[in-house]
Undergrad: 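I'd like to ask some things about the structure below.
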Number of protein chains: 2
Amino acid sequence: MATIYDVAEAAGVSISTVSHVLNETRFVSENTRAKVLEAVTRLNYHPSSLARALVRQETRTIGLIVPDNVNPFFAELARGIENHGFQAGYSVILCNSDRSTSKELAYLETLLSKRVDGVIYMTTDMATDRLMPFHEEGIPIVTFDRDYDNIDSILLDNFQGGYDATRHLLELGHTRIGCIAGPDSPSRSSDRVRGYRAALEEAHIPYNPDLLCVGDWTARSGQVAASEFLRLPVPPTAIFSCNDMMAVGAIAFLRDRGCHVPQDISVIGYDNISLSAYVCPPLTTIATPIEQIGQGLCQMLLDCIGEKLPAETQRVTVRGALLVRESTAQVT
Amino acid sequence: MATIYDVAEAAGVSISTVSHVLNETRFVSENTRAKVLEAVTRLNYHPSSLARALVRQETRTIGLIVPDNVNPFFAELARGIENHGFQAGYSVILCNSDRSTSKELAYLETLLSKRVDGVIYMTTDMATDRLMPFHEEGIPIVTFDRDYDNIDSILLDNFQGGYDATRHLLELGHTRIGCIAGPDSPSRSSDRVRGYRAALEEAHIPYNPDLLCVGDWTARSGQVAASEFLRLPVPPTAIFSCNDMMAVGAIAFLRDRGCHVPQDISVIGYDNISLSAYVCPPLTTIATPIEQIGQGLCQMLLDCIGEKLPAETQRVTVRGALLVRESTAQVT
DNA sequence: CTGAAAGCGCTTACAG
DNA sequence: CTGAAAGCGCTTACAG
């Protein structure tokens with residue numbers, strides 16, 4: 001592969017000059033400019049980002065850690081990030097953690113060695129001190145839906161979302177409302193559940209633990225939860241699922257048991273992954289602007305990268321909006 | 001950020017020694033070894049992959065170019081690749097092309113500059129000469145479902161798949177079978193359509209152009225296609241969709257029009273994205289081992305990277321298998 | 001058993 | 001208007 005030396009030699013100039021014409025970083029006479037450019041194309045020269053990164057101390061690469069890019073929610077988030085990064089001239093390294101702490105650590109280590117300019121981290125609730133090495137090295141981190149000291153983040157108003165979803169069901173006359181929670185992690189899921197319970201309480205409906213199932217965000221776990229609900233002496237007439245995928249799984253199971261949604265049982269999801277408009281029936285859900293959030297996370301990170309100073313910690317909260325489609329209906 | 005010099009100084013040894021203990025590349029006395037290791041942890045030293053890459057001439061990074069990682073098919077493929085790469089110590093840079101030639105070129109350029117060790121390329125039918133720069137620079141490329149000279153690839157037996165899908169419908173007694181094709185690109189879609197036509201012909205059913213709609217692989221376009229079918233004087237009794245997402249879209253539209261699947265109309269997809277088991281009704285499809293293919297692509301690439309020699313061009317063909325679920329039924 | 005030095009391929013003051 | 005040289009942070013022959 002041609003180097004800057006090859007180009008310089010071919011053009012009969014110094015490597016400084018080659019560098020300067022390529023980066024347009026100082027004036028070069030039209031004549032030598034032309035010679036350099038000619039040599040560049042003739043030799044098919046592609047400057048090494050590695051060498052440049054070494055001296056410039058920036059790689060124009062960011063790391064993205066998600067639990068699983070197959071999960072449509074994270075897929076859409078990743079898309080928003082990649083999009084925005086591309087426009088700004090950054091590449092993104094995709095890291096799936098499967099919510100495994102050891103994989104996270106391994107990837108964090110790799111990203112540190114690769115000298116990424118920043119990382120977008122979203123996943124388990126790793127102890128903050130795992131993230132600190134980055135902070136100390138001056139590598140910006142932003143997180144999503146997790147609140148750490150000193151780390152910028154975009155947060156969701158999960159309590160409000162859970163509350164709104166449940167209110168919607170209550171207003172349709174449901175009083176026996178099941179809830180499919182996410183795995184027992186502090187923020188996301190449990191705040192949604194808290195919102196659910198708050199709405200119930202407000203409506204003077206006592207909380208019934210039998211109506212709470214814990215899933216793991218996958219469609220599969222939504223199926224399991226639905227099966228448990230149906231096994232109850234008196235099944236719920238409506239279900240609030242803490243994400244869309246579990247709702248999809250629940251609906252699939254119900255249908256399989258001859259239970260019609262929403263006629264026999266209403267189901268509301270959370271997220272509004274793009275798919276949710278295409279399932280049968282189209283899913284009522286709490287709409288979250290996923291791709292825009294991805295974009296926002298990326299921009300937030302680029303801002304941190306720009307001003308090396310550890311400025312004020314930023315926190316943006318996004319509130320979801322109830323989106324009524326066809327999976328919920330008046331209680332019969 | 002601490003460098004190897006800092007560590008060497010702190011441990012009172014030379015940088016060679018530090019390098020050797022870290023890479024275990026030559027014997028170092030237990031005593032100095034300990035001193036080095038101590039300094040490493042004390043200084044929180046993380047060797048720069050950049051510097052290493054510069055001398056070793058390998059980055060342990062690969063590029064992945066897909067049209068859109070939100071499309072579940074590519075999401076699953078990417079997952080398989082990332083997984084396998086991780087195990088082998090490689091990171092992957094995620095590049096979405098949106099099937100735009102200019103984005104592809106921009107990313108190809110970036111990957112070349114970042115000196116990735118190889119790229120997995122899947123997307124439009126860019127002229128082969130676009131890929132050639134890589135080949136010439138000795139950077140291995142593997143492709144998926146596209147056949148280029150001198151480039152390793154995993155291919156799908158699309159003709160057979162289209163044929164099998166259509167045979168399935170024929171065997172259920174359908175004779176009026178619609179087909180939703182992908183965008184007009186040589187390989188994937190049109191071979192599936194060819195298989196469809198071959199099965200029809202074999203059954204002595206004349207090909208009817210009205211029964212062929214062209215989509216763009218998205219659920220949205222599946223909806224549009226279904227609407228066109230329903231607008232026909234005599235709509236089809238079965239639909240073969242060239243991928244699952246369009247089938248999902250078609251089913252959503254049909255349901256919206258009060259048309260039941262499979263009672264009123266059968267629908268068969270292609271791919272077996274993991275979602276297809278959870279839609280209503282669960283989708284009959286041509287099952288493709290997507291994640292394994294991703295893994296295979298990654299391994300193929302790593303093989304190329306290993307032996308720098310441009311060995312025999314490899315081509316592996318994967319045949320899909322009919323997977324009958326509930327979206328297809330006997331004609332009524 | 002360990003160190004000094006060249007080199008990977010760039011950018012960027014410093015000079016003229 | 002352009003070049004010589006230092007330096008980014010490593011690995012790896014070459015020596016002893």
Side-chain angles (χ1 to χ4, degrees), chain A residues 1-37 39-40 43-61 109-110 112-117 137-139 308, chain B residues 1-37 39-40 43-61 109-110 112-117 137-139 308:
Chain A
M1 220 168 197
T3 73
I4 197 172
Y5 293 99
D6 301 325
V7 175
E9 191 179 334
V13 298
S14 74
I15 60 164
S16 314
T17 298
V18 175
S19 176
H20 285 301
V21 343
L22 257 22
N23 296 310
E24 301 189 306
T25 178
R26 89 174 169 196
F27 182 85
V28 175
S29 75
E30 197 40 62
N31 194 280
T32 61
R33 228 182 89 79
K35 283 191 300 185
V36 169
L37 260 17
V40 164
L43 298 183
N44 203 257
Y45 172 62
H46 296 272
S48 164
S49 296
L50 292 177
R52 164 180 303 195
L54 202 56
V55 8
R56 287 243 187 113
Q57 301 279 48
E58 63 162 21
T59 52
R60 299 224 141 225
T61 303
E109 194 72 31
T110 301
L112 208 47
S113 282
K114 300 224 173 187
R115 299 292 190 266
V116 293
D117 293 336
E137 306 297 357
I139 297 182
K308 301 294 185 187
Chain B
M1 218 167 199
T3 72
I4 198 171
Y5 294 98
D6 301 326
V7 176
E9 191 178 334
V13 299
S14 73
I15 60 164
S16 314
T17 298
V18 175
S19 176
H20 286 300
V21 342
L22 256 23
N23 297 309
E24 300 189 306
T25 179
R26 89 176 170 196
F27 182 84
V28 175
S29 77
E30 196 40 63
N31 194 280
T32 61
R33 228 181 87 80
K35 282 192 301 186
V36 169
L37 260 16
V40 163
L43 298 182
N44 204 258
Y45 172 61
H46 295 273
S48 164
S49 295
L50 291 178
R52 164 179 302 195
L54 202 55
V55 8
R56 288 241 188 114
Q57 302 279 47
E58 62 162 23
T59 53
R60 299 225 139 223
T61 303
E109 193 72 32
T110 300
L112 206 48
S113 282
K114 300 224 175 192
R115 299 294 190 264
V116 294
D117 294 335
E137 306 296 357
I139 297 182
K308 301 294 185 187

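Per chain, numbering begins at 1; letters A, B, ... match sequence-line order. Keep in mind that the numbers below use all heavy atoms, side chains included, and drop hydrogens, waters and symmetry copies.
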Undergrad: How close or far is atom P of C:dA6 from atom CG of B:Leu54, stated in whole angstroms?
TA: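 Whole-Å distance recorded here is 17 Å.
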
Undergrad: Let's test your reading of the pairing rules: Watson-Crick or G-U wobble, both distances under 3.5 Å, then write DNA chain C as a dot-bracket string with ( ), [ ], | and dots.
TA: |||.||||||||.|||

Undergrad: Give the rounded distance in Å between these two atoms: CD of A:Glu30 and P of D:dT2.
TA: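 Those two atoms, CD and P, are 11 Å apart.
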
Undergrad: Can you give the donor-acceptor pairs under 3.5 Å from side chains of residues 8-16 of chain B to other protein atoms, not counting sequence neighbours?
TA:
from	atom 1	to	atom 2	distance (Å)
B:Ser14	OG	B:Ser16	N	3.4
B:Ser14	OG	B:Thr17	N	3.3
B:Ser14	OG	B:Thr17	OG1	3.3

Undergrad: With nearest nucleotides of DNA chain C determined for A:Leu50 and B:Arg33 from heavy-atom distances, which residue corresponds to the more 5′ nucleotide?
TA: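 It is B:Arg33, whose closest nucleotide lies nearer the 5' terminus.
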
Undergrad: Along nucleotides 10-16 of chain D, 5' to 3', which nucleotides get a B, which get an S, and which get a -, given that the test is a protein heavy-atom distance under 4.0 Å?
TA: BBB-B--

Undergrad: Mind checking salt bridge (charged side-chain N to carboxylate O under 4.0 Å, His left out) for A:Arg33 and listing every partner two or more places apart, or none if nothing turns up?
TA: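 Salt bridge (charged side-chain N to carboxylate O under 4.0 Å, His left out) list for A:Arg33, sorted by chain: A:Glu30.
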
Undergrad: Is it true that a side-chain atom of A:Asp117 and a backbone atom of A:Thr59 form a donor plus acceptor pair closer than 3.5 Å?
TA: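 Such a contact is found between A:Asp117 side chain and A:Thr59 backbone.
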
Undergrad: Going by the rule side chain to side chain donor-acceptor pair (under 3.5 Å), which residues pair with B:Ser113 if we only count those two or more places apart in sequence or in a different chain?
TA: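 For B:Ser113 there are no side chain to side chain donor-acceptor pair (under 3.5 Å) partners, ignoring immediate neighbours.
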
Undergrad: Checking A:Thr32 now: which residues fulfil side chain to side chain donor-acceptor pair (under 3.5 Å) with it, not counting sequence neighbours?
TA: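 Only A:Ser29 meet the side chain to side chain donor-acceptor pair (under 3.5 Å) criterion with A:Thr32.
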
Undergrad: Would you please name every residue forming a salt bridge (charged side-chain N to carboxylate O under 4.0 Å, His left out) with B:Arg115, sequence neighbours left out?
TA: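 Result, salt bridge (charged side-chain N to carboxylate O under 4.0 Å, His left out) vs B:Arg115: none returned.
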
Undergrad: Who pairs with A:Ser48 by side chain to side chain donor-acceptor pair (under 3.5 Å), at least two apart in sequence or on another chain?
TA: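 So A:Ser48 forms no side chain to side chain donor-acceptor pair (under 3.5 Å) with any residue.
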
Undergrad: Nearest whole angstrom, please: distance from the P of D:dC8 to the CD of A:Glu58.
TA: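 Rounding to the nearest Å, CD of A:Glu58 and P of D:dC8 are 17 Å apart.
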
Undergrad: Please state whether the phosphate of D:dT2, meaning OP1 or OP2, lies under 4.0 angstrom from any side-chain nitrogen or oxygen of A:Ser29.
TA: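 Looking at the OP1 and OP2 atoms of D:dT2, one of them is under 4.0 Å from a side-chain N or O of A:Ser29.
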
Undergrad: Reckon B:Ser49 touches a base, only the sugar-phosphate, or nothing at all at heavy-atom distances under 4.0 Å?
TA: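 B:Ser49: no heavy atom of the nucleic acid under 4.0 Å.
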
Undergrad: For A:Lys114, which residues count as a side chain to side chain donor-acceptor pair (under 3.5 Å) partner, sequence neighbours excluded?
TA: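 With neighbours one apart ignored, the set is B:Thr61, B:Ser91.
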
Undergrad: Please tell me if B:Gln57 has a side-chain N or O lying less than 4.0 Å from either OP1 or OP2 of C:dG7.
TA: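 No, B:Gln57 has no side-chain N/O under 4.0 Å of OP1/OP2 on C:dG7.
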
